[in-house]
Structures are given as C-alpha cells and as structure tokens.
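First comes the structure, then the notes that go with it.
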Amino acid sequence: MSYFENNIWSKNEYHTLGRKENDQAGKSIIGSIVVGIFLILLVISLWNIGRHNLSKTYVVIIDTNSNLLHKTSERYLSFGLDSSLLRDMDKFPVKNDTFVNLARYLSPAFVRVGGTSADCIFFNQPVPEVTEKITSPVDAQDISNFTLAGDDYLAVYQFTERAQLRMMFDLNALIRDPDDHWDDTNAKDIINFSKGHSMDIDWQLGNEPNSFRHVFNRPVSAKQLADDYIHLRRLLNQLGYETSFLVGPEVNHIGDNDKAGEKYATEFLKNNENSVDFLTWHQYYLNGREAKVADFINPNVFNRLPIQIKNVQDVIDQTNKNLKMWMSETSTAYGGGAPELSNRFVAGFLWLDKLGYGATAGVDVIVRQSFFGGNYSMIGKDLEPNPDWWVSVMYKQFVSSKVIQLKTPSNFGSIRLYGHCTCPSALISRVPAITVYGVNLNNDFVRISLLYYLKSYPRKNSKSFLYILTADYLQSRDIRLNGEILKLNSDGSLPAFKPVIVDSSQVITLPPFSMAFIIMHGVEHRACET
Ligand SMILES: *[C@@H]1O[C@H](CO)[C@@H](O)[C@H](O)[C@H]1NC(C)=O
Ligand SMILES: *[C@@H]1O[C@H](CO)[C@@H](O)[C@H](O)[C@H]1NC(C)=O
Ligand SMILES: *[C@@H]1O[C@H](CO)[C@@H](O)[C@H](O)[C@H]1NC(C)=O
Ligand SMILES: *[C@@H]1O[C@H](CO)[C@@H](O)[C@H](O)[C@H]1NC(C)=O
C-alpha cells in the first residue's frame, strides 16, 4: 500500500497535455454529471469514514468558479534573526557564503532583526552604565545593554542584500527620558546612518512591550507607546524613510485568559493615529522547556492558532481599523524552541499548518523565528538545513500569494489541507494549476480525494504532481521527499524535486505522519486567472 504504485505516468506524457476549446453545452452537461458523481462519492466516502478507521477517505471539494479568498504579501513566508545574535558578531555568520546561499532560497522575504535584545541596543555608542550581565526573569536570556557597531549593522544589511531579502529592524524602545517619553537620539543615529548607506529598510519599535514589566521591570503603557510610534513615523518621514513600513506593536500573550496582549493592542490602536502599516503580534504554541513530541502532532495544539488569530482580528475590527495583521515573530515553542523537536521533522506539521491556516485567515506576513540560532532554527549551527528549511523552500516554489477556499468536512482534525494558486514559475508550459498542501497527523495511511467543479472543458490527461514529505522517525533531522532524503548538491544548488505523477482524478494516499504538496496541473480556477 503505497502512493508510489500510482506513479504510472512519465513526465513526458504530461507534456503532451492539450488545450481544448471551450464547449458551452458539453461543459454544462459534463459539469452536471461530474457534480453528480462527486456527490455520490462524497456520500460513499463519508460513510466509509464512519465505518473504517483504517481506510479513511477524505473528500476535498474545490469550486473552481469561486473567487480569490485572500492575497497575501509576496513575502508571506518571512523569517527572523534574533537581535541577541548582534551581541556576538563572531558567531553570527552573515558574511559566510553558505549562510547567504541558504537564505537566498527563501527570497522574497522580510528578515526581521528583532527580539528581546532589540531593547538593549545602543547604536555606535557605549552603553551608558557599565553593568554586569543581567538576565530576564522570564526566560533567563541576557538582557544587559550592549553596543551595536555601525560596521556590524552594515554587515547584517549586506547579508540581506546579497540574499535578496528585505531587512526590517527593531529599534530600542526602552531609551526614555525621565517623563517616560521615548528618547529618539540613538534612533536618529541609526536611521541617519542607514540613509547614508542607502539602505532600504522597514522598521519597528520595541519587542513585546506588554511584557516589559516582567522582562525589564520597566512598564511602558500602550498609550505611551502609541505616542512614541507617532513620533517615530514623523522621524522616518523626515529622515528619508517615508515609504518604508513601520509595524507594531509586537505584542505577545494573545489568547491568554487575562487577554493581556489583546488589551494592549486595543489601547495601542485607539491611540496610534494610523502610524503603523500592519498590526503585528507574536505567536507560539508551546513552552520550549516543557513541550513533548506528542504536542507537535496533537490537533488541539494546532487549534490554538485560529483562536489567537480571531482574537487579533477582533481587536482590529473593534477599533475600526483597516489594517492587516502580521505574525511578526512565531514558532512552535518559545524560550528558544524545544530541543530536538522545534528543529526536527516533526516541527514541520505546525509550521506548514500555520502557513496554510494563516493565509486562509487573511494574515499578510508570517515571520518564522528563526532562520539561525536557538533550537527552533531553520538551519543548524553547522549551516546545514533543518527540515523546516526544506518545507519552506518547497512552499516558496509551489505556493503563490493567491489563496483559494477548499471545502472539507472539517479542517481542524488530523488532516488539514489548504489551497493556493500555483506559483507561475512552477507551471508547466503555462498550463494553469492549483496547489493543495497540508499535513496528515495520523499514524496511518489516509486517502484523499480531491474533487473539483469543472470551470471549463476538462483538460485531457490533467495530472497531479505529488511531493510527499516523510521521515524515518518524528525527531529525525533528515526529511524525505517521495522517499529520498533531501540534500543540497555539493555546489549548494537545490536538488531536483522529483514528483510522483498521477491522474488528477485519482485518490491520493498520504503515508502516516506526512506533509504533502499536490500540484494539480491542468486545473483552471477562476481565482488564478489574473
Ligand atoms: C561557512 O561556514 C561553513 C560551515 O560552518 C564552513 O565550512 C565554511 O568554511 C564557511 N565559509 C567561510 C568562507 O567562512
Ligand atoms: C539599559 O539602558 C536603559 C536605557 O538607558 C536603562 O534604562 C537601563 O537601566 C539599562 N539597563 C541596564 C541593565 O543597565
Ligand atoms: C543626518 O546626517 C546628515 C549628514 O549625512 C546631517 O547633515 C544631519 O544633520 C543628520 N541628521 C540627524 C538627525 O542626525
Ligand atoms: C537548545 O536547548 C538546549 C537545552 O535546553 C540548550 O542547552 C541549548 O543551548 C539550546 N541551543 C541553542 C542553540 O539555543
């Protein structure tokens, strides 16, 4: 019982796929017949689900006449580099070619340079008081002030430039005057320095300000921070960054019982006078020190995300703002990630599901914490890819910013699937295609039947290309594509991603604990036309 059995088509046969003229009458008759067959299949399948646990068939219906659900940013899948990396530039390989090469495969993306240490940075100037190392009472990380030299800042920027990425820099919000107003002197230096070096950058001010009291013993009210953002927006406009994004307020603790993050964001939005381009918040499912492998495949953990997104959307709606949200720092587990989990195969499920669900919910950008550093990194200290890097690279290749709606009986259990138009670069001879992707959290084979209403006369031999990701065990650092371990070529180039090719109407079998990208070549969808 294997999906490889289905691979009876050679790629060459697919290339003969012909374009057919539309035939209105034929279209509607065939359309009705097809819909009829779908409904019969649906009934049979639902009946099967009830009867047999071992041979579940999930029926997914794609209405190819439906409109676009959302369009995300072209940089939807973005990533972070924690500001703490700036404390020790010798260990931050921004000048290393391998590092640049790995980052470039994720272009286009934002690189957010931010985090707790952002609020400890003094740019090009010695820290005011010499203090011994101070650590955060929340997660024991270093929170002593430190100096960021202009050269080092420039080196990070040059890395983003070489990797064709866009830097977003998190400014220190904790340099304040005795009246508690933000002191912009040091920020002016860094912004002016940036302009002087013709840097194209976007900006933020501070990190998780609603938690300042706990982390720094230095609370800043949401009203005050809103005033500071207005101030910063004016400053950016004056210093030549009028077209750059400013995003905030970088709140965390969304979805907590006391609604601390939601309250802070609400108060901020009521007072910030449209100074931000996107509402930003931070999202984690788990505590890195406590998380277990079972948490990474438990649908209840996955289902925390929709609630958090809804809470943030409610904040935006209730303050009558016309803003999209960014998850500007997010990963599986906080506190640097869960060792041997957040950087292993099993982490891909939460990551791919977050990308999928976030897009259907209208999230504009998702910034993965982190590309490098910590136990949740996409690449290791050895500058070898971790599984999530591969998942992300495939996402960039196959999934465009155009989100379409799939109709599934439920998408909140152990099968979770999402639909987008396929990236133009992944089309074959410009034949239209849609990409369905998602996860199978079952320790079982699962059958997926992807049915679509026909928008026009069916293309002959329309084919689905399957890219199925598995591992030998959940905590493996290796990831297999259609059975083969993914490895970069020795020159750093990507290996060819070899699909399993099946007929589009064929039921697809997903192996236990797998992720899948299914490119349905030859399926025309109204939302993908323009
Ligand atoms: C980049 O990092 C890799 C892995 O640590 C190392 O093997 C390589 O020598 C480095 N390259 C340069 C130019 O430093
Ligand atoms: C870091 O700098 C800020 C701003 O000047 C200051 O308020 C804070 O006390 C300093 N922190 C430490 C630990 O010295
Ligand atoms: C920015 O730099 C320019 C020279 O490059 C200087 O004239 C100007 O005063 C600086 N502005 C601030 C706010 O530091
Ligand atoms: C990963 O977690 C282990 C155990 O908590 C910790 O000792 C280690 O420093 C972490 N690694 C990184 C790169 O943060």
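Positions are given from 1 along the sequence. Numbering of ligands and ligand atoms starts at 1, following listing order.
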| Counting only heavy atoms, which portion of D97 has something under 4.0 Å from ligand 1: side chain, backbone, both, or neither? |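 For D97, there is no contact with ligand 1 at all, from either part.
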
| task | Show your working on salt bridge (Lys or Arg N to Asp or Glu O under 4.0 Å) between D202 and R112 and close with a plain yes or no. | result | CA-CA 9 Å; D202 298 307; R112 177 220 184 210; over 6 Å; no

| Partner of D388 under salt bridge (charged side-chain N to carboxylate O under 4.0 Å, His left out), chosen from R477, R344, R368 | R368

| request: Return yes or no for this condition: an N or O of S144 is under 3.5 Å from an N or O of ligand 2. | output: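 There is no such contact.
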
| query | Quick one: does L383 get a heavy atom under 4.0 Å from ligand 1? | reply | yes

Near [X], which atoms of ligand 2 are under 4.0 Å from a heavy atom of that residue?
X: F122; value: 2 (O), 4 (C), 5 (O)
X: I134; value: 13 (C)
X: L174; value: 4 (C)

| field | Verify atom 5 (O) of ligand 4: protein non-hydrogen atom under 4.0 angstrom away | value | yes

| message | Give me the residue, atom name and distance of the protein heavy atom closest to atom 14 (O) of ligand 4. | response | G374 CA, 3.4 Å

| message | To check your reading of the model: name the closest protein heavy atom to atom 11 (N) of ligand 4, its residue, and the distance in Å. | response |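 Result: N375 ND2, 3.3 Å.
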
| query | Who gets closest to atom 8 (C) of ligand 1 by heavy atom: V100, N96, N101, D382? | reply |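 Checking each option, the heavy atom nearest atom 8 (C) of ligand 1 is found in N96.
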
